[in-house]
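Everything numeric in this text was worked out from a predicted model, so none of it was measured. Numbering of residues begins at 1 and proceeds along the displayed sequence. All heavy atoms count here, side chains included; hydrogens, waters and symmetry mates do not. Order of listing sets the numbers, starting from 1, for every ligand and every atom in it.
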Amino acid sequence: MTLAPDSLGPTVCIGEILAEIVATTVGAGFSEPLSLIGPYPSGAPAIFIDQCGRFGGSAAMIGAVGDDDFGRMNIGRLRRDGVDVSGIGVDPELPTGTAFVRYRPDGDRDFVFNMWTSAAGRLVWTDAMDAIVSRAGHLHVMGTLLGNSTVWPMIERAAEIISRRGGSISLDPNMRKELQADTETGARVAAMVAMSDLLLPSGDELFVAAGLSPDVGEEVALKHLFGTGVSEIAIKRGGDGSSCHEADGTLTRVPAFIVEEIDPTGAGDCFGGAYVAARRLGMSAQQSLTYANAAGARNVMFRGPMEGAGTRAELDTFIQQMERAK
Ligand code: ATP
Ligand code: MG
């Protein structure tokens with residue numbers, strides 16, 4: 001078994017909690033008045049942990065919101081979905097972070113963020129956080145936070161505490177490959193990869209995690225990563241589904257579900273939240289990938305980044321009813 005069992009303690013995720021406001025029309029940018037819908041609870045770490053809790057995995061969030069409705073909305077949603085919110089701080093001065101999103105016709109997105117100048121950027125290690133980390137069974141790390149001088153040191157501290165008590169670590173290596181050119185950051189990537197039991201890459205992120213060029217091919221990158229101590233790699237392949245590669249050579253592939261995509265944001269995070277929860281609850285790679293594909297696919301059918309996160313019962317129904325790609 002790659003990951004620590006759910007009974008050891010909650011899966012913890014650390015990072016930004018945001019309110020997301022989405023343009024209702026496709027187009028470029030926000031430079032003229034347009035119709036918007038929101039706020040929706042958001043932030044990649046929050047989407048991940050919401051899906052994890054909603055699926056029935058033990059889950060806890062660490063982050064900060066403002067003393068405002070955007071913050072209360074996020075805390076309320078996470079609590080409703082079974083996430084322990086005692087590690088979410090409320091900043092007395094700064095507002096909850098926001099993301100305005102508009103989709104372009106080619107699927108690219110334009111954003112206006114207020115993230116690190118909001119409550120999210122003033123996260124500090126508190127006794128409440130310490131209490132959660134000290135009884136956690138798993139840490140999920142967002143690679144996007146690697147270059148963040150406030151949050152990354154807390155992630156590293158949590159990783160050490162959780163590993164020491166026999167917990168496991170997963171990494172979504174969604175970091176920009178330009179970061180690796182810098183040797184110090186490259187070393188931090190390599191250190192976090194080496195501490196991880198499970199990687200959840202998509203696209204070229206497998207190669208970014210391995211510190212190799214995509215020219216070497218998937219097999220070489222996988223072998224390299226297993227050599228560093230990683231034991232399982234679940235690759236997200238969008239409309240082509242996903243695959244799980246284990247260090248002992250076991251390969252499991254599961255096709256995607258066929259859905260109409262309304263809002264692609266959050267698919268990867270829902271995939272990860274469901275996958276980690278399912279694995280920690282003792283399910284096979286095949287069953288976990290099936291739930292994870294269903295979680296990602298269901299989420300893209302709903303407008304709003306975590307509106308489509310499914311309970312286990314909702315995902316069971318989805319799996320029974322939806323057609324799968326070949
Ligand atoms: P994101 O786009 O949120 O960054 P990602 O690139 O990390 O996510 P994806 O591969 O896009 O991850 O999505 C994760 C999983 O969700 C896929 O492996 C697939 O199973 C499912 N999924 C995502 N988009 C679709 C889609 N349009 N149709 C069917 N399944 C999808
Ligand atoms: Mg994607």
Side-chain angles (χ1 to χ4, degrees), residues 13 15-16 18 20 22 40-52 54-55 99 101-104 106-111 113 140-145 170-177 198-209 214 218 232-245 251-279 285-310 314-315 318-319 321-326:
C13 198
E16 71 276 12
L18 306 174
E20 186 158 316
V22 189
Y40 294 108
S42 188
I47 299 166
F48 171 92
I49 208 69
D50 187 73
Q51 176 61 82
C52 184
R54 199 164 161 78
F55 186 73
V101 186
R102 192 175 191 196
Y103 291 95
R104 294 186 172 212
D106 62 5
D108 270 3
R109 292 174 277 193
D110 284 323
F111 286 105
F113 279 120
H140 179 69
V141 179
M142 289 291 171
T144 39
L145 297 172
S170 51
L171 170 66
D172 185 336
N174 49 3
M175 43 230 175
R176 286 179 296 124
K177 53 177 177 290
L198 166 68
L199 303 180
L200 293 152
S202 71
D204 277 353
E205 292 162 4
L206 176 71
F207 304 100
V208 177
E218 239 176 66
E232 185 168 318
I233 302 176
I235 305 182
K236 297 170 271 184
R237 302 178 188 274
D240 291 328
S242 57
S243 55
C244 172
H245 307 255
L251 167 63
T252 313
R253 279 184 185 278
V254 176
F257 292 92
I258 300 170
V259 298
E260 194 199 339
E261 189 175 288
I262 305 290
D263 182 346
T265 304
D269 302 317
C270 282
F271 177 97
Y275 190 77
V276 168
R279 282 305 250 165
Q286 173 83 34
Q287 194 175 9
S288 302
L289 286 180
T290 304
Y291 275 125
N293 281 355
R298 187 175 189 276
N299 196 56
V300 307
M301 296 170 67
F302 291 75
R303 198 191 298 279
M306 65 167 90
E307 299 309 297
E314 284 166 344
L315 296 180
F318 183 94
I319 290 165
Q321 292 178 348
M322 303 303 285
E323 227 178 294
R324 297 179 208 205
K326 288 284 167 324

Any atoms of ligand 1 less than 4.0 Å from a non-hydrogen atom of [X]? List them with their elements.
X    : value
R237 : 10 (O), 18 (O)
E261 : 26 (C), 27 (N)
F257 : 28 (N), 29 (C), 30 (N)
V259 : 28 (N), 29 (C)

For ligand 1, is there an N or O atom under 3.5 Å from any N or O atom of G239? no
Give yes or no for whether the N/O distance cutoff of 3.5 Å, strictly under, is met between R109 and ligand 1.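 For ligand 1, there is no N or O atom that lies under 3.5 Å from one belonging to R109.
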Any idea which of S202, A256, G272 brings a heavy atom closest to atom 5 (P) of ligand 1?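 Considering heavy atoms of S202, A256, G272, the nearest to atom 5 (P) of ligand 1 sits in S202.
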For atom 16 (O) of ligand 1, which candidate among P255, G296, P201, A292 holds the nearest heavy atom?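 Selected option, by shortest heavy-atom distance: G296.
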Look only at the side chain of [X] and the backbone of [Y], and say whether a donor-acceptor pair between them is shorter than 3.5 Å.
X    : Y    : answer
N299 : P305 : yes
N293 : P255 : yes
N174 : G143 : yes

Just to be sure I read this right, does ligand 1 sit under 4.0 Å from the backbone of A297, its side chain, both, or neither, counting only heavy atoms? both
Which segment of K236 sits under 4.0 Å of ligand 1 when only heavy atoms are counted: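 Answer for K236: both.
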Validation row: R298, Q51 side chains within 4.5 angstrom (heavy atoms): no
Are side-chain heavy atoms of L18 and Y40 found at a separation under 4.5 Å?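 When only atoms from C-beta onward are counted, Y40 and L18 do not touch, as no gap falls below 4.5 Å.
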Would you mind checking if E20 and R109 are paired as a salt bridge, meaning a charged N to carboxylate O distance below 4.0 Å? no
Just grab all the salt bridge (Lys or Arg N to Asp or Glu O under 4.0 Å) pairs involving residues 269-278, residues at least two apart or on different chains. none
